[in-house]
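Below you'll find the structure, written out as C-alpha cells, and then a few comments.
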Amino acid sequence: MLLPTLFFILGVVYGFLHPGKENRIEMLKKAIGIGVLLGIVFGFVAMFLLPGILGVFVMGVSVIAFVIAVLMVAIPFIVGTIFGDLLEHIL
C-alpha cells in the first residue's frame, strides 16, 4: 500500500513541476511495454531453468504478472500527474 501512495505523490510532484499537460496515454503505453518486456526477460530465464511445459506456463504467467505489477505503479503515478496539473493550474 505504501508503494502506490509513494508513486501517487511522485506523480503530483511531477505534474506540478512539469509545465503543460502530460501525454498520459503515452505514459500508460510505455508502462505496459515495460511490463511486457520485463515479463518476457524473466519468463525466458524461468523457461530455461524449469523443464518442459512448466517453463512455458511460467513464462506466460510472468508476462501477465509483470504487466499488472507495472500498472499498479504507473496508474497511481498518472493519476498523481492529473492532480499535479490541477495544482499547477490553481497556483
Side-chain angles (χ1 to χ4, degrees):
M1 191 65 184
L2 181 63
L3 196 61
T5 306
L6 174 69
F7 277 95
F8 174 78
I9 292 169
L10 288 174
V12 171
V13 170
Y14 179 80
F16 182 73
L17 295 178
H18 193 264
K21 294 226 177 234
E22 286 72 42
N23 189 353
R24 292 177 185 90
I25 300 296
E26 191 64 33
M27 287 181 184
L28 195 58
K29 286 180 185 177
K30 285 181 183 179
I32 292 171
I34 290 170
V36 168
L37 182 66
L38 286 173
I40 289 172
V41 168
F42 283 100
F44 270 124
V45 170
M47 194 168 77
F48 289 118
L49 294 177
L50 297 171
I53 193 73
L54 184 60
V56 175
F57 175 73
V58 168
M59 182 171 183
V61 171
S62 176
V63 171
I64 293 169
F66 271 96
V67 168
I68 290 172
V70 170
L71 285 178
M72 287 180 64
V73 171
I75 289 175
F77 182 83
I78 292 169
V79 171
T81 62
I82 294 170
F83 283 100
D85 281 342
L86 288 174
L87 274 174
E88 178 187 349
H89 182 69
I90 290 172
L91 300 176

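Heads up: numbering here begins at 1 and tracks the sequence.
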Over all heavy atoms of both residues, which pair between Gly43 and Ser62 is shortest? Give the atoms and the distance, please.
N-OG, 3.5 Å
Is it possible for you to say whether Leu54 and Met59 belong to one hydrophobic cluster, with membership spreading through side-chain heavy-atom contacts below 4.5 Å?
no
Give a yes or no on whether Tyr14 and Ile34 share a hydrophobic cluster (residues Ile, Leu, Val, Met, Phe, Trp, Tyr; joining criterion: side-chain heavy atoms under 4.5 Å apart).
no
Heavy-atom check, side chain of Val63 versus side chain of Ile40, under 4.5 Å
yes
Can you tell me how far the NZ atom of Lys30 sits from the CG atom of Asn23, to the nearest 0.5 Å?
8.5 Å
Among residues two or more places apart or on two chains, list those pairs meeting ring pair (Phe, Tyr, Trp, His ring centres under 6.0 Å) that have a residue in residues 42-63.
Phe42-Phe66
Would you say Val67 and Met72 are hydrophobically clustered, going by side-chain heavy atoms of ILVMFWY under 4.5 Å?
no
Measure the shortest side-chain to side-chain distance between Phe7 and Leu10 over non-hydrogen atoms and say whether it is less than 4.5 angstrom.
yes
Please check if Leu6 and Phe16 belong to a single hydrophobic cluster, counting links between Ile, Leu, Val, Met, Phe, Trp and Tyr side chain heavy atoms closer than 4.5 Å.
yes
Here the salt bridge (charged side-chain N to carboxylate O under 4.0 Å, His left out) pairs for residues 65-82, sequence neighbours left out, are none
Where Val58 and Leu50 come nearest, the two heavy atoms and their spacing:
CG2-CD1, 3.5 Å
Run through the side-chain heavy atoms of Ile, Leu, Val, Met, Phe, Trp and Tyr, join any pair under 4.5 Å, and report what else lands in Leu49's cluster.
Val45
Provide the full list of salt bridge (charged side-chain N to carboxylate O under 4.0 Å, His left out) pairs with a residue in residues 80-91, sequence neighbours left out, each pair given once.
Arg24-Asp85
Given Met47 and Val56, is the side chain to side chain contact (heavy atoms under 4.5 Å, CB included) satisfied, shown in steps?
CA-CA 6 Å; Met47 194 168 77; Val56 175; 4.2 Å; yes
Find out if a path of hydrophobic residues (ILVMFWY) with successive side-chain heavy-atom gaps under 4.5 Å connects Val41 to Leu38.
no
Can you give me the closest heavy-atom contact between Leu71 and Ala31, atom names plus distance?
CD2-CB, 4.5 Å
Only pairs at least two apart or in different chains count here, so list each salt bridge (charged side-chain N to carboxylate O under 4.0 Å, His left out) that has a residue in residues 57-77.
none
Of the non-hydrogen atoms in Pro76 and Pro4, which two are nearest, and what is the gap between them?
CB-O, 3.4 Å
One should read off an interatomic distance between Ile78 CD1 and Ile25 CD1, to the nearest 0.5 angstrom, of 8.0 Å
Hey, what do you get for CZ (Phe77) to CD1 (Ile82), rounding to the nearest 0.5 Å?
11.5 Å
Any chance you could measure Thr81, atom OG1, to Leu86, atom CG, to the nearest 0.5 Å?
9.5 Å
Can you run down the salt bridge (charged side-chain N to carboxylate O under 4.0 Å, His left out) pairs that involve residues 73-83, sequence neighbours left out, and say none if there aren't any?
none
